[in-house]
Amino acid sequence: MGIARVRLATWNINSIRARIHLIQQLAREAAPDVICLQETKVEDALFPREAMAEIGYPHQAIFGMRAYHGVAILSKLPLEKIEGHHWCGKDDTRHQSVVLPNGIEVHNLYIPAGGDEPDPAVNDKFAHKLDFFREQTDWWGRQSDGRRILVGDLNVAPLETDVWSHKKLLKIVSHTPIEVEHYEAMRAAHGWVDAVRHFVDPDEKLYSWWSYRARDWRAADKGRRLDHVWVTPNLTDSLAAATVLKDARGWEKASDHAPILVDFRD
DNA sequence: ATGGTCGATATTCGA
């Protein structure tokens, strides 16, 4: 059985409550069937469930906490086996999974950003980021074969073309060699395929995040590809398209991340 | 070398 004409989006929304209008705009302009969000920044009781249901997403998996992190999946399709997962001995909310009606398992992740100093000996946040990758790598290595999609803000730009300047960012958190090694180990542990680079040539620059601090983000174009969509190899034939919706970075009161859209065919 | 901007929350932290 295929994954008939499903459109999936992943987006670090940087506060769901501050950006309900952006979800509405995404629904109008791209109409994804499933929207995976990161950095919802709200405890579950205060999540805008009704507003999301009103624009066509009655099925919701919400795994959040006060002020920080938080993931959510909004869907036109029913969601089953909704689970939240904890990592590194913390009770924060960075990983959830659901199963779609076609049996495909979707994992939605927000990997720790890692702070500013890329040294685990002096920066606990960076140590946490590396630990998180190691635990994920071990876990995915132990999972049986299945039909799975993993999306989210992985906070690593792995390729030279995933950043505006490979040379200038080699010591900047998100593009250091040790992070890229950890990212690659996690990817390889389950044979994940990068669905976006499946369509966009690795020689071509591609970003999904542009800092708020740039005077003119579009003109400067100092981006990084921090957001990813991975699929198990048995789904690569079902991939129809993958794009970064760069326009959304320029929408009113934007997130600093753009959504990624991936289409699956029959 | 530095500082630039957001959101949640409380006057700072994390990104």
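Below, chains carry the letters A, B, ... as their sequence lines are ordered, and counting in each starts from 1. Quick caveat: nothing in here was measured; it's all calculated off a predicted structure.
- Of the candidate nucleotides B:dA8, B:dG14, B:dA15, B:dA15 has the atom lying nearest to any side-chain atom of A:R94.
- Closest to the side chain of A:R66, out of B:dT9, B:dA8, B:dG4, is B:dT9.
- Here the separation of B:dG3 from B:dA15, taken at their C1' atoms, is 15 Å to the nearest Å.
- Atoms CG (A:N12) and C1' (B:dT5) sit 15 Å apart, rounded to a whole Å.
- Distance A:H257 NE2 to B:dA15 P: 11 Å, rounded to the nearest Å.
- Follow the hydrophobic side-chain contacts under 4.5 Å out from A:L226 and you never reach A:W210; the two are in separate clusters.
- In this structure, the CG atom of A:L226 is 11 Å from the C1' atom of B:dA15, given to the nearest Å.
- Shown here is A:E105, whose CD atom has more than 12 heavy atoms of other residues, nucleotides or ligands within 6.0 Å.
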request  = For the pair A:D131 and A:K90, evaluate salt bridge (charged side-chain N to carboxylate O under 4.0 Å, His left out) and give the outcome as yes or no after the intermediate values.
outcome  = CA-CA 12 Å; A:D131 287 344; A:K90 297 178 185 288; over 6 Å; no
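- In this structure, A:K41 fails the cation-pi test against A:Y68, since its NZ or CZ atom is not both closer than 6.0 Å to the six-membered ring centre and inside 45 degrees of the ring normal.
- Between A:R249 and B:dC6 there is no side-chain polar atom (N or O) within less than 4.0 angstrom of OP1 or OP2.
- The separation of B:dT2 from B:dC6, taken at their P atoms, amounts to 23 Å, rounded to a whole angstrom.
- Summarising the geometry, the separation between CD1 on A:I16 and P on B:dA8 is reported as 11 Å, rounded to the nearest angstrom.
- Atom CG in A:D216 sits roughly 22 Å away from atom P in B:dG3 (whole-Å rounding).
- Between A:R19 and B:dG7 there is a side-chain polar atom (N or O) within less than 4.0 angstrom of OP1 or OP2.
- A:K253 comes within 4.0 angstrom of sugar-phosphate atoms only, judged by non-hydrogen atoms across all strands, and of no base.
- Atoms CZ (A:R224) and C1' (B:dA15) sit 11 Å apart, rounded to a whole Å.
- In this structure, the nucleotide among B:dA10, B:dC6, B:dG4 sitting nearest to the side chain of A:Y212 is B:dC6.
- Each of A:S15 and A:H69 has a nearest nucleotide on DNA chain B; the 5'-most of these lies closest to A:S15.
- Among the nucleotides B:dA15, B:dA8, B:dT5, the one closest to the side chain of A:Y110 is B:dA15.
- A:R94 forms no cation-pi arrangement with A:W87, by the criterion of a distance under 6.0 Å to the ring centre and an angle within 45° of the ring axis.
- Rounded to whole Å, the P atom of B:dG4 lies 25 Å from the corresponding atom of B:dT9.
- Taking only side-chain atoms of A:K41, from C-beta outward, the nucleotide of B:dA15, B:dA10, B:dA8 with the closest atom is B:dA8.
- Distance from the side chain of A:A67 is smallest to B:dT9 among B:dC13, B:dG4, B:dT9.
- Partner of A:F63 under the ring-ring contact (aromatic ring centres under 6.0 Å, His included) criterion, out of A:H69, A:H95, A:H85, A:H86: A:H86 alone.
- What separates CZ of A:R215 from P of B:dC6 is a distance of 12 Å, to the nearest Å.
- A distance of about 24 Å separates the P atoms of B:dA10 and B:dT5, rounded to the whole Å.
- A:K222 places its NZ atom 15 Å from the P atom of B:dG4, with the value rounded to the nearest Å.
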